[in-house]
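Have a look at the structure below, then the notes.
Keep in mind that the numbers below use all heavy atoms, side chains included, and drop hydrogens, waters and symmetry copies. What you see is a predicted model, and the numbers here were worked out from it, not measured in a lab.
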Amino acid sequence: MTLGAIALTLILLNVYTDLLDPVRARLANITTPVYWLVDLPGRGVDWVQESLATRSRLQEENAAMKAELLIHKRKLQQMASLAAENVRLRRLLNSAEKVPHRVLVAELIGVSSDPLTHRVVVNKGSRDGVFLGQPLLDAQGLMGQVVEVSDYSAQVLLITDASHALPVQINRNGVRAVAEGTGDLYRLDLRHLANTVDVRQGDLLVSSGLGQRFPVGYPVAEVVAVIRDPGKPFSRVEARPMAQLNRSRHVLLVFSGEEAAVPPAPAEMP
Amino acid sequence: MALVKAHNRWVILMSFLAALVAMSYPISTTGIWLRPELIPMLVIYWIMVLPQQSSILQIWCVGCIQDLLQGTPLGLHAMALMVVAYVCLLSYQRMRNYTIWHQTFFVFVIVGLHQLVDSWVHSLQGSAAQTLVFLLPAFTSALLWPLLWMVLERLRVGYRIT
């Protein structure tokens, strides 16, 4: 009885206040070994695949990667001149230069097994400089933000969780909106977009940086459906996240703004 | 006697830890609702077999650890397991006399209760399931019960837990 009452109090404290967050962060340390244990078979399989790969497959993979690298390097050549141009133009406008973001490569070690919670666990924690609210990316786009940091791991709330929303803008015309998670791993909804707003199927949504939490310009989602009902004040806009929310294993934690200026943990490459 | 008790506690604890690890194993998003709820099933089993020696505090702690693992509000699973433990403590004598298929139905009801509490707390957060899909784990748990029963009975005989 008493324990039930304590549990109820804990739930209410946790849902309606953030008093328990420091306690949770402290306690979360005991979960790290469990996730490490759960991750073990997966890592074993990876290791076996890596060490038992055939020569021809490795050669193929190597060739494919070289081709990809070449393509990216070509883009990067242009990038240098574009970046320089951007800096010049910004100086003309007297606005601040954009600082390139520093990243920390992390690996996914766990996924919340609760179907109603979209959270993942990464293998970097406060010892590596990870902080609350830090954005997480994969190769394709924005994945989510850190909501709980323990010493050696951190829990990340994905952008599709029902309790998550982030400010975005349409890349084509700069229209701002709020992308809300729906609890479905493949869907985000745009809130309060009037029927007259110029939004089309296939539009890319990028983070707008307005919430001061996510850095500007990272791809978030692609609009897949725009349903305009004249009888309703807002149109229903559905988008599909760009990030591979249920597949990515290697992810990037971004340091932007003031955090990047502080000398933190070294950015490491895999 | 005290030694036997300590030994029993140890085995029960290990079974809960194994269930916690099994519950955190990632599975695909399509199958995520089919994962049986191992921890309430273990609570049902241990209370039915050893009602005097099952520690409610231990069950409560296991629930809290599960909350930390899954990132759900702290106390959610602790509370749900308290409900399960309470119902089991009231009815373990009857349950012992049931046949295994009868027990299976009982497990469905109790794990369903667990899921109801779970869903209620999620609805406080605004992330509840829209349909009755949250009862699916109760169904798969019930299906798994005869197998789990057999395995745990083996374990109990093997480790001489009485």
Closest non-hydrogen atom pair between [X] and [Y], with its separation:
X: B:Gly75; Y: A:Leu10; answer: CA-CB, 4.4 Å
X: B:Ile32; Y: A:Pro115; answer: CG2-CB, 3.8 Å
X: A:Arg119; Y: B:Gln70; answer: CD-O, 4.4 Å

Toward chain A, the part of [X] with a non-hydrogen atom under 4.5 Å:
X: B:Ile56; answer: both
X: B:Leu81; answer: neither
X: B:Asp118; answer: side chain
X: B:Met79; answer: both

Is it the backbone or the side chain of [X] that comes under 4.5 Å from a heavy atom of chain B, or both, or neither?
X: A:Ile11; result: both
X: A:Leu157; result: neither
X: A:Leu185; result: side chain

Can you confirm whether more than 12 heavy atoms, excluding those of [X], are under 6.0 Å from its [atom1] atom?
X: A:Trp36; atom1: CH2; value: no
X: A:Arg43; atom1: CZ; value: yes
X: A:Arg26; atom1: CZ; value: no
X: A:Arg249; atom1: CZ; value: yes
X: B:Tyr92; atom1: OH; value: yes
X: B:Tyr159; atom1: OH; value: no

- Under 4.5 Å, counting heavy-atom pairs only, tell me which of A:Ala162, A:Ser112, A:Ser113 racks up the most with chain B. A:Ser113

Can you tell if the side chain of [X] reaches within under 4.5 Å of the side chain of [Y], non-hydrogen atoms only?
X: B:His122; Y: A:Asp114; result: yes
X: B:Tyr25; Y: A:Leu37; result: no
X: A:Ile6; Y: B:Trp60; result: yes
X: A:Leu12; Y: B:Leu124; result: yes

- Option among A:Val34, A:Val121, A:Val111 that satisfies the side chain to side chain contact (heavy atoms under 4.5 Å, CB included) test with B:Ser24: A:Val34

- Heaviest contributor of heavy-atom pairs below 4.5 Å to chain A, chosen from B:Gly71, B:Pro26, B:Ala78, is B:Gly71

- Message: What's the separation between atom CG in B:Leu68 and atom OG1 in A:Thr32, rounded to the nearest 0.5 Å?
- Response: 10.5 Å

- Query: How long is the span from the OG1 atom in A:Thr31 to the CG atom in B:Leu20, to the nearest 0.5 Å?
  - Reply: 11.0 Å

